Amino acid sequence: MPVEEHDGHSLAAPAPLARDFFDRPAHEIAPDLLGRVLVHGPVALRLTEVEAYGVPGEDPASHTYRGRTPRNAVMFGPPGHLYVYFTYGMHFCVNLTCLPEGTGSGILLRAGEVISGAGTAMARRRAGSARAVREVDLARGPARLAVALGFTLEHNGLDVCVPGSLFVTEGDPVVAASIRSGPRTGVSSGKETPWRFWIDGDPTVSPHRPHVPRRR
DNA sequence: CTCCCGATTGTCT
DNA sequence: GACAATCGGGAGA
């Protein structure tokens, strides 16, 4: 939607990334997503940390490892859509689907820097909690990110490659020299695969926690 | 049906 | 650093 400037020229809204951006393997897209901007209504987020999850049968850490189910069906759909899931009985996490229809793969959005709509994000994050939230913590962690951007299961399956209130745009791609990678966070299988990618030194990147088995 | 555990986080010691 | 909260997915009987 063009926005009218005072002189009558139209100022184009940022264009969504094309769908073929997402028509690649997750581990290839993931580092390329760093510095890109996810917009949802008033809140815009510069991505600083993501994790790639691979195709069925090849990545035991992926929700799609054992094939298609009602929960993970969106991952098997076309690329460039939100896959939102509910976990630990209380949290939502957000992925972007990739690879063509029929292939279950995606990228988990783990953290980012809120660059617009911080007031909205802060209100969402503080709801139901007495403690203050630092700006850098607004979307520092996948479930916090979902809250800050206002994502719930209602948003599962939405397209992020069309203009409107939800899309991913170019942002400022991060040069390879400032990208780090390592094992994914909190996964019990596929521990060796270094498919977590983050911007080196960025304060909005979440602390890495290795997987710990639940106590009895 | 039962059982186990999770792509987490906030709070307390 | 430890642990509770809280419930649904998926495996297996």
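What you see is a predicted model; the values in this text were computed from it and never measured. A note on names: the letters A, B, ... follow the listed sequences, proteins ahead of strands, and every chain is numbered from 1.
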*Asks:* Are the charged groups of A:R19 and A:D159 less than 4.0 angstrom apart, N to O?
*Replies:* yes
*Asks:* Is there a continuous path of hydrophobic side-chain contacts, each under 4.5 Å between heavy atoms, that joins A:L33 to A:V94?
*Replies:* yes
*Asks:* Inspect the contact between A:D202 and A:R46 and indicate whether a charged nitrogen and a carboxylate oxygen are less than 4.0 angstrom apart.
*Replies:*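 Answer for the salt bridge query: yes.
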*Asks:* According to a 4.5 Å side-chain heavy-atom criterion applied to Ile, Leu, Val, Met, Phe, Trp and Tyr, with indirect links allowed, do A:V43 and A:L166 form part of one hydrophobic cluster?
*Replies:*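 Both belong to a single hydrophobic cluster.
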*Asks:* Could A:R110 and A:F197 be counted as a cation-pi pair, given that NZ or CZ must be under 6.0 Å from the ring centre and within 45° of the axis?
*Replies:* no
*Asks:* Please write out each protein N/O paired with an N/O of nucleotides 9-13 of chain C under 3.5 Å, distance rounded to 0.1 Å.
*Replies:*
from: C:dG10; atom 1: OP1; to: A:T69; atom 2: OG1; distance (Å): 3.2
from: C:dG10; atom 1: OP2; to: A:T69; atom 2: OG1; distance (Å): 3.1

*Asks:* Using a 6.0 Å distance limit plus a 45 degree cone around the ring axis, check whether A:R24 lies over the aromatic ring of A:F22.
*Replies:*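 So A:R24 doesn't make the cation-pi contact.
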*Asks:* Under 3.5 Å, is there a donor-acceptor pair between the A:T97 and A:H81 side chains?
*Replies:*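 No, no side-chain donor-acceptor pair sits under 3.5 Å.
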*Asks:* Is the shortest side-chain N to carboxylate O distance from A:R184 to A:D59 below 4.0 Å?
*Replies:*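 Counted as a salt bridge, because a side-chain N and a carboxylate O are separated by less than 4.0 Å.
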*Asks:* I'd like to know if the side chain of A:S105 pairs up with that of A:T103 as donor and acceptor (distance under 3.5 Å, no hydrogens or angles considered).
*Replies:*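 No, A:T103 and A:S105 have no side-chain donor paired with an acceptor closer than 3.5 Å.
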*Asks:* Please work out the stems of DNA chain B from pairs that are Watson-Crick or G-U wobble with both distances under 3.5 Å, keeping only runs of three or more consecutive pairs.
*Replies:* B:1-6 with C:7-12, B:8-12 with C:1-5
*Asks:* Could you write out each protein N or O paired with an N or O of nucleotides 8-10 of chain B at a distance under 3.5 Å?
*Replies:*
from: B:dT8; atom 1: OP1; to: A:R110; atom 2: NH1; distance (Å): 3.4
from: B:dT8; atom 1: O2; to: A:H91; atom 2: NE2; distance (Å): 2.9
from: B:dT9; atom 1: OP1; to: A:P142; atom 2: N; distance (Å): 3.2
from: B:dT9; atom 1: OP1; to: A:A143; atom 2: N; distance (Å): 3.0
from: B:dT9; atom 1: OP1; to: A:R144; atom 2: N; distance (Å): 3.3
from: B:dT9; atom 1: O4'; to: A:H91; atom 2: NE2; distance (Å): 3.3
from: B:dG10; atom 1: OP1; to: A:R125; atom 2: NH1; distance (Å): 3.1
from: B:dG10; atom 1: OP2; to: A:R144; atom 2: NE; distance (Å): 3.1
from: B:dG10; atom 1: OP2; to: A:R144; atom 2: NH2; distance (Å): 2.6

*Asks:* Say you pick atom C1' in B:dC5 and the same atom in C:dC3; how far apart are they, in whole Å?
*Replies:* 16 Å
*Asks:* SG of A:C98 to CE of A:M75: how many Å apart, nearest 0.5 Å?
*Replies:*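 Result: 8.0 Å between the selected atoms.
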